[in-house]
Amino acid sequence: MWFTLSDGNALLIHLRMSGQMLVAEHGEVTSPHLRIRADMGDVELDFVDQRTFGFWQYTQLIDGVPQPAMHIAPDPFESDFDVRETARAMRRRRSPLKSVLLNQEVVSGIGSIYADEAMWAARLKPWRSAKTMRQRDAEAVLDASREVMARSLEQGGTSFDALYVNVNGASGYFSRSLNAYGQAGKPCARCGSPIKRVVVGGRSSYFCPTCQVL
Ligand SMILES: [Zn+2]
C-alpha cells in the first residue's frame, strides 16, 4: 500500500508476513513489536511487526505509482484492471495456474488463500498449465478471485492467526466461509468429496479432486 504525500512523493508500505498498520490514540499501542510511530495529530499511526520483514519506504511517484512498485501488475480492484488482457497475459505462461495467480507481474493482490478459493469456484485444477487454458476459464478464475476477495473484505478478511487484523486491531472472520483453503479431509461444499492438499510451485494448494476437473 502507499500514501501520496503533500510533497508529491509517496510513503510505500509493505506488511510482508506480520506487519500491522494500527490507528490508535496516542500511547495506546504498547506492543514490544512497535517499530514505527507516526504522529497524525489527533491520532497516531503505528507500525507493529513481529517478524520485521515489513517496511516503510519514502519514494518517488511515477505516473501515480511508487517507483519500486512499477513492475507490479494491477490488482482486480483497480479501475484500470482489464480482465480480458490479464487473462491473455496468464495464458502466455507455461507455469501451473496456481503459480501464475500468485505471480505479481501478471496480476497482483491474490494470495494463496484466494487463489485456491478462486480455482475451486471456477473448477480449475491448481497444477494445470496456464498456457493451455481457454480464455473464458482464465477470465472466470479472475472474476472468481475478485468476487471472493470482495466477500472476504466485507467480513474483515481471513485472519488465521492473531497477526492478521484491521486498523482497529480486529480480526476478520472469512475463514469460516472458505471452501477449499485449509479444508483437507472436509467435504466439498459443492459435491461432498473430501478436499485434498497438493504442493504446486512450492505452495500448498487445496482442491476438490471430483469437481475441479478443468
Ligand atoms: Zn467438489
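This one's a predicted model, so the numbers in the text were calculated from it and none came from an experiment. We count ligands from 1, going down the list as the structure has it; atoms in each ligand are counted the same way. We're numbering straight along the sequence, starting at 1. For the numbers below, each heavy atom of this structure counts, side chains included, while hydrogens, waters and symmetry mates do not.
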Practice prompt. Apply side-chain contact (heavy atoms from CB on, under 4.5 Å) to the pair D46 and R37, showing each step before the final yes or no.
Written response: CA-CA 5 Å; D46 292 317; R37 170 172 281 165; 3.4 Å; yes

Worksheet item: Which class fits the ring pair Y181 and Y206: parallel under 30°, tilted 30 to 60°, perpendicular over 60°?
Response: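 The rings of Y181 and Y206 stand perpendicular, inter-plane angle above 60°.
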
Worksheet entry | Parallel, tilted or perpendicular: rings of W56 and F47 (30°, 60°) |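 Ring orientation of F47 relative to W56: tilted.
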
Worksheet item: Within a radius of less than 6.0 Å around CG of D7, do more than 12 heavy atoms belonging to other residues, nucleotides or ligands occur?
Response: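 Atom CG in D7 is crowded, with more than 12 foreign heavy atoms closer than 6.0 Å.
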
Discussion item. Suppose we screen for side-chain hydrogen bond (donor to acceptor under 3.5 Å, both in side chains). Which residues come up paired with S129, at least two apart in sequence or across chains?
Written reply: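 With neighbours one apart ignored, the set is empty.
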
Discussion item. For the Zn ion (ligand 1), which protein N/O/S atoms fall under 2.8 Å? Skip waters.
Written reply: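 Atoms qualifying: C188 SG, C191 SG, C208 SG, C211 SG.
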
Worksheet item: Do I72 and L61 belong to the same hydrophobic cluster, where Ile, Leu, Val, Met, Phe, Trp and Tyr are linked whenever their side-chain heavy atoms lie under 4.5 Å apart, directly or via other members?
Response: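 Cluster IDs for I72 and L61 differ.
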
